[in-house]
Amino acid sequence: MRKAALVWFLAILALSGCASVTLKPVDFSWSYESVLTADSAGYVRAEPKTIAFNAGELFRAETKDPAAAAGTIVRIIRDYEGYYFITAPGFRHVYIFNGASGKLTLKKKVLIAEQGMVKPFFNRRDLGIELVANGQVYLLNRKGIVAGEKK
Amino acid sequence: MKKLRGLLTVLVLLLLQVGGAFAQSSDYEIIDSFKKRHQSLLESIKSVQDLGQRDILANEIGRLEDEYEQHRKLLGEGLYPESFEASIVRLRDQLKNSTERLLLAEESRKDKVKIVEITGKVDAAGKKIVEITAQNEEYRAAIDRLSRDVQEQSARIQQLSVENAALQENIRALQLESRKDKESIAKLRELTDKLYANIRDREELIVKMMDSLFDEYSKADLTDAQKKNILAIAQKNDYVSKIVTTIDGNINYVGTALLTPQDVNVIRDQQKRLAIKWDGIKPFVSKLYPDEQSRARDISMVDGRLSDLKNGTGEATWRSIQQVFTANGVAIEPFRNAGEFSSRVLAYIDEQLKNPSREKYQVFRHKIWDSPIKDQWLPVIPLDELTEKQRADIEERVALWDRKISAAFSRWVVIGVFAAAILALVAVMIRKKKKPTLPA
């Protein structure tokens with residue numbers, strides 16, 4: 001009985017150790033955005049340590065033409081929490097994705113400019129992700145625009 | 001808490017709005033432009049060509065550092081694992097390396113220039129050596145030729161001197177015989193002409209020798225050694241002695257010869273030429289003497305000989321003029337200069353005026369005075385020697401003699417006519433007396 005009790009005690013200790021290991025806090029943010037050029041199939045890939053994915057769906061959503069992705073620059077940045085912020089010149093929106101299990105899942109689609117953005121870019125800031133587009137500065141987080149106004 | 005976050009957000013946005021040139025720049029582009037400028041600078045630094053460019057690039061590095069200083073942290077992340085500072089240091093290190101390379105290249109270039117310069121100098125020196133060698137060869141050949149010429153001239157001068165001595169001996173012997181036959185006079189004249197020709201030849205040779213040595217010596221590019229060689233040749237050939245001998249020959253000649261007016265002109269020209277030549281070569285001749293005493297002695301000797309020659313030529317001229325009187329049997333007191341000539345001629349005419357002789361007048365007037373004295377000799381006598389007044393005095397006296405002779409002649413003509421008339425009258429009377437009377 002005492003022996004069995006010891007075994008159970010050790011098993012409980014071992015199981016509880018495995019399940020509760022959490023590393024935090026984690027800063028997933030990128031210091032600065034990645035500027036990637038989509039290939040003819042809509043794939044964007046570049047330097048190591050930068051994600052690669054097919055941006056065709058985004059172009060389809062923005063322009064109704066996934067082929068429009070070819071040769072277009074796509075700007076990506078990751079915030080502190082690990083969300084991906086993606087946009088491109090001519091887009092009306094910034095797309096906020098959660099990345100996990102080999103896929104990007106749209107978390108938020110933020111309308112920035114109905115007429116589309118000219119030369120948009122991201123910067124990482126302490127309070128979130130800064131977007132500059134059409135001469136306007138916005139501060140974004142996973143929920144959308146925190147500061148600045150859409151046009 | 002939310003208010004605070006909002007306030008901070010506004011502040012951040014305000015800062016972003018007024019943040020200067022980079023305020024609305026993409027961090028990515030800041031990093032990218034920095035990388036590009038950094039890379040461009042790095043390449044420029046590697047290929048920098050001179051120190052001027054180096055200075056410009058050093059300024060560019062400073063400017064890059066100043067401009068991007070505010071993004072040090074961002075660039076630290078963007079340039080990871082290199083930092084902003086390290087990237088600037090890398091530029092400066094590279095610039096330092098390039099500067100060293102430039103300095104080395106500059107040094108090398110200077111060395112090359114120096115090598116080219118030295119090579120050029122060596123080439124020039126080589127050419128100069130070849131040139132000098134050729135000049136030396138030429139000079140040696142010229143010296144040999146000069147030496148040979150001078151020796152030949154010297155030998156010929158010697159030969160002429162011997163011939164002249166023999167000729168002078170013969171002339172003296174003939175003069176002592178005092179023979180007045182045409183053959184003896186012709187022989188004397190022949191010997192004198194030959195002697196004179198020899199003297200002139202010898203003089204020509206001496207002048208040629210003077211010219212050869214002096215011209216060679218006067219060349220500007222001669223070295224001291226080469227000049228010494230020429231002096232040695234002159235010394236070896238007894239240069240000064242030959243000049244003295246030649247002048248002595250002339251002095252002896254004019255001391256014994258009877259000259260024509262043409263001879264006087266030629267001798268005077270030669271004498272002047274010799275004097276000018278001598279003045280020209282005196283500096284050269286001075287160098288032939290190791291000591292001042294013998295130099296002064298010999299130079300004053302030649303000066304004295306030239307002066308003697310001038311005086312001798314004058315005396316020979318007057319002696320030759322006197323010979324004109326002697327040859328025509330006119331007994332006139334000897335004269336050796338213009339003053340004596342004038343007074344002796346006037347004395348002679350005055351003596352003749354006391355007892356004028358038509359025959360003596362005719363000889364004096366036509367064979368002596370009118371020609372050759374007046375028309376040949378007087379033109380070669382300078383006016384400062386025999387003045388216009390002296391000439392006019394003689395002319396006046398000759399004219400007086402002429403008038404006296406003419407008057408005497410007229411008197412004799414009248415007497416003759418008178419005598420002839422008387423004789424004719426006597427003859428007529430005698431014929432009348434002897435005429436027979438016819439019977440009535």
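So that the names make sense, note that chain A is the first sequence line, chain B the second, and so on, each numbered from 1. Everything quoted here is computed from the prediction, not taken from an experiment.
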Peer 1: For Arg101(B), I'd like to know if atom CZ has over 12 heavy atoms of other residues, nucleotides or ligands within 6.0 Å.
Peer 2: yes
Peer 1: Shortest non-hydrogen contact from Arg125(A) to Asp27(B)?
Peer 2: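 For Arg125(A) versus Asp27(B), the nearest heavy atoms are NH1-OD2, 3.1 Å.
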Peer 1: How many angstroms lie between atom OG of Ser26(B) and atom NZ of Lys119(A), to the nearest 0.5 angstrom?
Peer 2: 12.0 Å
Peer 1: Does atom CG (Asp66(B)) have a neighbourhood of more than 12 heavy atoms from anything else shown, all under 6.0 Å?
Peer 2: yes
Peer 1: Taking the side chain as every heavy atom from C-beta outward, state whether Trp30(A) and Glu77(B) have any atom pair closer than 4.5 Å.
Peer 2: no
Peer 1: If I compare all heavy atoms of Tyr32(A) with all of Gly78(B), which pair ends up nearest, and what's the gap?
Peer 2: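 In terms of heavy atoms, the two residues are closest at CE2-CA, 3.4 Å.
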Peer 1: Are more than 12 heavy atoms from other residues, nucleotides or ligands located less than 6.0 Å from atom NZ of Lys96(B)?
Peer 2: no
Peer 1: Let me know if Arg124(A) has heavy atoms under 4.5 Å from chain B in its side chain, its backbone, both or neither.
Peer 2: both
Peer 1: Any side-chain heavy-atom pair from Lys73(B) and Ser31(A) closer than 4.5 angstrom?
Peer 2: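 A side-chain contact is absent here, since even the closest heavy-atom pair is not under 4.5 Å.
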Peer 1: About how many Å separate CD of Glu29(B) and CD of Glu33(A), when rounded to the nearest 0.5 Å?
Peer 2: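 Going from CD on Glu33(A) over to CD on Glu29(B), the span is 7.0 Å.
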Peer 1: Is the NZ atom of Lys282(B) crowded by more than 12 outside heavy atoms at less than 6.0 Å?
Peer 2: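 Yes, because the 6.0 Å sphere around NZ of Lys282(B) holds more than 12 heavy atoms from other groups.
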